[in-house]
Amino acid sequence: MSIKNNLLNIKTTLPEQITLVAVSKTKPVSDLMEAYDAGQRIFGENKIQEMAEKWEQMPKDIQWQMIGHVQTNKVKFMAPFVSLIHGVDSLKLLQEINKQALKNDRIIDCLLQIHIAEEETKFGLDDEELSTLLSSTEIQELKNIRIVGLMGMATFTDNKDQVKKEFTHLKSVFDTIRSKDALQSFSILSMGMSGDYQLAIECGSTMVRIGSSIFGGR
Ligand SMILES: *Cc1c(COP(=O)(O)O)cnc(C)c1O
């Protein structure tokens with residue numbers, strides 16, 4: 001199967017309102033261009049330097065999204081162009097993104113990463129950290145970032161019931177924040193990857209991050 005066919009097959013199965021992020025980490029620009037030529041304009045990368053190199057080489061109508069863990073000292077390298085940062089899990093990181101966005105005269109959209117998996121190793125906020133962060137006065141002062149939703153990764157397991165439970169929990173956190181309406185333009189729920197995106201969509205995802213099913217294994 002070609003990248004183009006993989007992409008088009010996935011697109012035909014996705015409901016219209018679901019945003020597809022093509023996760024192109026580790027893949028060469030030639031592979032990304034194949035997806036681009038098939039119409040894809042949103043790409044996800046997990047290393048800032050790699051994303052910046054691809055941004056320089058590729059057409060400028062691409063939306064580049066950072067899906068990996070973000071090191072504070074590297075935010076400046078993506079601040080000029082990044083369209084969405086998925087993995088935000090601290091006030092310190094938000095403050096740095098705000099600072100770099102201001103320098104570039106931009107407002108940068110961010111998703112807060114929530115810890116929903118069982119594994120200890122995955123990054124993200126727990127429920128209490130999330131509410132502390134959202135109610136902090138510091139966050140109100142950040143005029144060059146916009147928190148537009150949540151992101152989460154389920155446990156890496158074949159147990160569908162567990163994954164479903166984790167996605168459902170994330171959706172309920174998302175709905176709770178949305179119902180309070182404290183944040184304007186809070187509308188993105190980024191959950192689901194190659195192995196679990198159909199389940200994620202059933203559970204209320206609005207954005208799926210798909211890599212290996214489009215570009216092949218890494
Ligand atoms: C790599 C990655 C993906 C894509 O994973 P696939 O299983 O290849 O679809 C999605 N989200 C994050 C955060 C990733 O790091």
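For ligands, and for the atoms within them, numbers begin at 1 and follow the listed sequence.
- Sorted by first and then second residue, the side chain to side chain donor-acceptor pair (under 3.5 Å) pairs with a member in residues 201-218 read Ser190-Arg209, Ser194-Ser212, Ser194-Ser213; sequence neighbours excluded.
- Between Phe186 and Phe174, the distance from one ring center to the other falls under 6.0 angstrom.
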Are there any N/O pairs under 3.5 Å between ligand 1 and the protein, and if so, what are their distances?
unit_1   : atom_1 : unit_2 : atom_2 : d
ligand 1 : 8 (O)  : Ser212 : N      : 2.8
ligand 1 : 8 (O)  : Ser212 : OG     : 3.0
ligand 1 : 8 (O)  : Arg218 : NH1    : 2.8
ligand 1 : 8 (O)  : Arg218 : NH2    : 3.1
ligand 1 : 9 (O)  : Ser194 : N      : 3.0
ligand 1 : 9 (O)  : Ser194 : OG     : 2.5
ligand 1 : 9 (O)  : Gly211 : N      : 2.8
ligand 1 : 11 (N) : Arg209 : NE     : 2.8
ligand 1 : 15 (O) : Lys25  : NZ     : 2.8

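- Hydrophobic clustering, with ILVMFWY side chains joined whenever heavy atoms are under 4.5 angstrom apart, keeps Ile147 apart from Leu102.
- Side-chain contact of Gln113 with His86: a donor-acceptor pair under 3.5 Å is absent, judged by distance alone.
- Checked by atom type, the side-chain pair Tyr36/Asp61 shows a donor-acceptor distance below 3.5 Å.
- With a 4.5 Å cut-off on side-chain heavy atoms, Ile18 and Ile201 count as touching.
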